[in-house]
Amino acid sequence: MYHIKKDKRSEYSDKLITEGLLECLKSKNLSDITVSDIQRASSVGRTTFYRHFDCVTDVLEYKCDQIFNEIAQQNHKYCFNSAEEIVKKFIQIWYKNEHILEAVVKNNRIDIIINSHRKNQSKMQNVFFRGKKEAPEQTEYIIIILSYIMAGVLSEWIRNGTRETCSQLYEQIRECIKLLQFVFI
């Protein structure tokens with residue numbers, strides 16, 4: 001678990017710790033990285049690390065949660081009119097955070113992204129069902145299905161060498177979902 005305060009000094013330390021972890025991930029697997037490794041790479045003291053994070057994996061969880069917050073902020077700021085716009089923005093934000101996604105996928109920790117989806121489920125509901133008088137009764141199922149689909153797609157995109165652009169990836173998702181309809185209809 002992470003414990004982040006909303007002040008500039010804490011945010012700066014968190015940024016250094018995150019960058020330190022990413023630097024370490026260039027030469028080691030996540031499971032082999034120690035707090036001391038991050039401390040050396042980030043110049044942040046051990047006490048500061050433990051004031052903010054309980055373990056190394058928490059740093060990736062924190063960063064994934066930050067990405068979801070950015071997605072929610074973008075939606076609030078631009079008031080997207082369609083699910084297509086939301087999904088495209090979601091892909092764009094992950095695209096620009098490809099290094100985080102790559103670390104998660106490379107270390108077989110896609111569960112971190114799925115957990116971020118779950119923690120941010122209410123934000124996602126607000127994004128997808130905003131303006132609707134009533135959200136569908138199955139909203140929780142819809143959100144979790146979307147979560148697993150997006151986590152899987154992003155994971156496969158990384159494994160394939162990030163060869164598709166954001167628009168191409170969106171079109172791949174659309175086409176695949178169309179093809180999947182025969183299973184359930």
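Keep in mind that what you see is a predicted model, and the values were worked out from it rather than measured.
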Exercise. Could you go step by step and tell me if Asp14 and Gln66 meet the side chain to side chain contact (heavy atoms under 4.5 Å, CB included) rule?
Worked result: CA-CA 11 Å; Asp14 300 334; Gln66 279 187 313; 5.9 Å; no

Problem set entry | Distance-minimising heavy-atom pair for Ile110 and Ala151 |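 Looking at all heavy atoms of both residues, the closest pair is CD1-O, 3.5 Å.
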
Problem set entry | For the student: nearest non-hydrogen atoms of Ser116 and Glu61, plus distance |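 Result for this residue pair: OG-O, 4.1 Å.
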
For this session: Measure the shortest side-chain to side-chain distance between Lys5 and His52 over non-hydrogen atoms and say whether it is less than 4.5 angstrom.
Result: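 When only atoms from C-beta onward are counted, His52 and Lys5 do not touch, as no gap falls below 4.5 Å.
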
Hey, what do you get for [atom1] ([X]) to [atom2] ([Y]), rounding to the nearest 0.5 Å?
| X | Y | atom1 | atom2 | value |
| --- | --- | --- | --- | --- |
| Glu156 | Leu169 | CD | CG | 10.5 Å |
| Ile93 | Asn69 | CD1 | CG | 10.5 Å |
| Ile113 | Ile67 | CD1 | CD1 | 7.5 Å |
| Asn115 | Leu60 | CG | CG | 12.5 Å |
| His99 | Lys106 | NE2 | NZ | 13.5 Å |
| Asp37 | Leu21 | CG | CG | 10.0 Å |

Exercise. Hey, mind stepping through Glu85 and Lys89 against salt bridge (Lys or Arg N to Asp or Glu O under 4.0 Å) and telling me if it holds?
Worked result: CA-CA 6 Å; Glu85 289 177 338; Lys89 182 51 79 172; over 6 Å; no

Does either side chain, that of [X] or that of [Y], offer a donor lying less than 3.5 Å from an acceptor on the other one?
| X | Y | answer |
| --- | --- | --- |
| His3 | Asp54 | yes |
| Asp65 | Tyr2 | yes |
| Ser36 | Arg40 | no |

For this session: Examine distances only and state if a side-chain atom of Ser147 and a backbone atom of Ile143 form a donor-acceptor pair shorter than 3.5 Å.
Result: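 Looks like yes, one N/O pair under 3.5 Å.
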
Problem set entry | N/O donor-acceptor pair under 3.5 Å between Asn29 side chain and Ser31 backbone |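 Side chain of Asn29 to backbone of Ser31, a donor-acceptor pair under 3.5 Å: no, none is there.
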
Exercise. So, are Lys15 and Glu19 salt-bridged, with charged N and O less than 4.0 Å apart?
Worked result: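 So Lys15 pairs with Glu19 through a salt bridge.
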
Problem set entry | Pairing of Glu175 and Lys178 as salt bridge, 4.0 angstrom limit |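 Between Lys178 and Glu175 there is a salt bridge, with a charged N closer than 4.0 Å to a carboxylate O.
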
Linking I/L/V/M/F/W/Y whenever their side-chain heavy atoms sit closer than 4.5 Å, directly or via other members, would [X] and [Y] fall into one cluster?
| X | Y | result |
| --- | --- | --- |
| Met150 | Tyr141 | no |
| Met1 | Ile4 | no |
| Val153 | Leu179 | no |

Problem set entry | side chain to side chain donor-acceptor pair (under 3.5 Å) between Thr47 and Arg51, intermediate numbers included | CA-CA 6 Å; Thr47 305; Arg51 191 176 311 122; 5.7 Å; no

For this session: Please list, chain by chain and in numerical order, all residues satisfying ring pair (Phe, Tyr, Trp, His ring centres under 6.0 Å) with His117, sequence neighbours excluded.
Result: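 Once residues adjacent in sequence are excluded, the partners of His117 under the ring pair (Phe, Tyr, Trp, His ring centres under 6.0 Å) criterion are Phe68, Phe90.
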
